[in-house]
Amino acid sequence: MTAIVPVLLTLIGGAVLKRTLLRSGAFWSGLEQLTYYVLGPALFITSIGNADLGTIDVGPLLLTTTAPIIAATGVLVAARPTLRSSGPALGSMVQGAIRINTYIGLVVINALHGELGIATFAIACAISVPVVNLLCVSTLTIYGAHDEARPRPKLLREIAKNPLILSCLVGLALSITNFELPTAITSTLDLAASSALLCGTLIAGASISFTWRKRDLIEVTVPTLIKLAALPLAAASLAIALGADQLTLHTIVVLTAVPTAPSATILSAKLGGDTRLMATIIGVQTLLSTLSMPLMLDVASRLA
């Protein structure tokens, strides 16, 4: 629970700032872009680049961070006729069930395992983020509302441009080759990385909003139960069966138990998803995750 308290306080801070001193949507949009394209990648490069990859158990990460995510997507798509959800709503529900709020996860894993935890989490993201993007973009491409203003995206281009994936590759290259960057560049990256967790969590708090309609009881509850409970329990069970160590187990549970990302609203708007539903899912999950994440970590530790 100690690892969650800073997350909760920062989320509250972001929510309060958005509603008092910093009400401009342009400010938060700019901060999100800065964090996504600059600060977050800097954190991934420094954490992976400085890590001893020989101490990270990559094997269990491959299966446990992908199989449950693929299964959850399949369940939602198959359940669409039963749920009677529209195509745009399904796209937002899939994002709600599998997307990852990287920065909340990094704050928690950093509190549990320090820099090695961040490096392990970053590698887990490098494995899972392409799969998540592939599934979310594919679902929205197939089921989202499209017209001339919102043409169907080119999937491989979207994945190839992902800054988190690219920064993980740079970090891996630096670690494997033992290449040392010039001190000026290293210091600049460290400075940018030090702000990533704070900014990312503030953004998550600022994004909390609720606009309810009758169908939301189903279309918010289903992806939230999958994201905050079913996904981490399934991933933890797989990890334990594969003999994952404590660091790997905690990384897998945190990765799958974090709420969906605030940037899911941007993708919904871009690819024809239900943006109002997406914003509500984000708000509900962000608040509930402060209680569910410690519970999932505790359950996983007991099962191990």
Side-chain angles (χ1 to χ4, degrees), residues 4-47 91-92 95-96 99-108 110-111 118 122 125 129 132-133 136-137 140 149-150 153 158 161-167 187-212 220 258-290:
I4 300 296
V5 173
V7 175
L8 179 59
L9 293 177
T10 310
L11 288 171
I12 293 171
V16 171
L17 286 172
K18 175 67 181 296
R19 289 155 180 80
T20 54
L21 299 177
L22 301 171
R23 297 182 180 181
S24 170
F27 169 82
W28 291 102
S29 176
L31 184 62
E32 183 172 10
Q33 296 292 319
L34 176 67
T35 304
Y36 185 67
Y37 286 105
V38 180
L39 305 183
L43 179 63
F44 276 24
I45 290 170
T46 56
S47 298
S92 294
Q95 286 204 90
R99 285 200 69 174
I100 302 161
N101 190 316
T102 309
Y103 301 103
I104 289 180
L106 285 167
V107 172
V108 175
N110 181 52
I118 291 178
C125 285
V129 166
V132 169
N133 280 353
C136 290
V137 173
L140 286 164
R150 279 188 304 209
E158 291 291 328
K161 293 191 303 182
N162 188 289
L164 300 183
I165 297 172
L166 295 176
S167 59
S187 299
T188 303
L189 286 172
D190 288 340
L191 185 62
S194 66
S195 305
L197 299 183
L198 175 62
C199 292
T201 312
L202 284 172
I203 291 164
S207 70
I208 294 174
S209 65
F210 305 98
T211 307
W212 283 89
V220 173
V258 291
T260 191
S263 56
T265 305
I266 298 173
L267 192 64
S268 285
K270 181 179 179 182
L271 303 184
D274 187 331
T275 55
R276 186 210 57 80
L277 174 63
M278 192 73 257
T280 302
I281 292 173
I282 292 167
V284 169
Q285 287 190 8
T286 301
L287 291 177
L288 291 181
S289 66
T290 60

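The figures that follow rest on heavy atoms only: side chains count, while hydrogens, waters and symmetry mates do not. Quick note: residue numbers are just sequence positions, from 1.
Contact record, F27 with L22: CE2-CD1, 3.7 Å, taken as the closest heavy-atom pair. Nearest approach of G40 to A196, heavy atoms of both residues: N-CB, 4.0 Å. Closest approach of S92 to G273, counting heavy atoms only: OG-C, 3.9 Å. The nearest pair of heavy atoms linking R99 to C136 is CG-SG, 3.5 Å. Taking every heavy atom of both residues into account, I45 and S167 meet most closely at CG1-O, 3.5 Å.
Side chain of T46 to main chain of L189: no donor-acceptor pair is present (N/O by atom type, distance under 3.5 Å, no hydrogens or angles). Between the side chain of S194 and the backbone N or O of L191, at least one donor-acceptor pair lies under 3.5 Å. A side-chain donor-acceptor contact under 3.5 Å links T280 to the backbone of R276. Under a 3.5 Å cut-off, the side chain of Q285 and the backbone N or O of G96 do form a donor-acceptor pair.
Interatomic distance, CD1 of I203 versus CG of L31, reported as 4.0 Å (0.5 Å rounding). For the atom pair L287 CG and I12 CD1, the distance stands at 9.0 Å (nearest 0.5 Å). With values rounded to the nearest 0.5 angstrom, L39 atom CG is found 12.0 Å from E32 atom CD.
Listed by chain and number, the residues in a side chain to side chain donor-acceptor pair (under 3.5 Å) with Y103 amount to none (sequence neighbours excluded). With sequence neighbours excluded, the residues forming a side-chain contact (heavy atoms from CB on, under 4.5 Å) with L198 are T10, L202, listed by chain and number. Shown here are the side-chain contact (heavy atoms from CB on, under 4.5 Å) partners of A15, two or more places apart in sequence or in another chain: R19.
For the pair T260 and M278, the minimum side-chain heavy-atom distance is below 4.5 Å. Contact of the L106 side chain with the F44 side chain is registered, since non-hydrogen atoms from C-beta on lie closer than 4.5 Å. Side-chain atoms of N101 and I282, non-hydrogen and from C-beta on, never get closer than 4.5 Å to each other. Residues C199 and L34 fail the side-chain proximity criterion, which asks for heavy atoms closer than 4.5 Å.
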- Item | Test side-chain contact (heavy atoms from CB on, under 4.5 Å) applied to Q95 and I281, step by step | CA-CA 9 Å; Q95 286 204 90; I281 292 173; over 6 Å; no
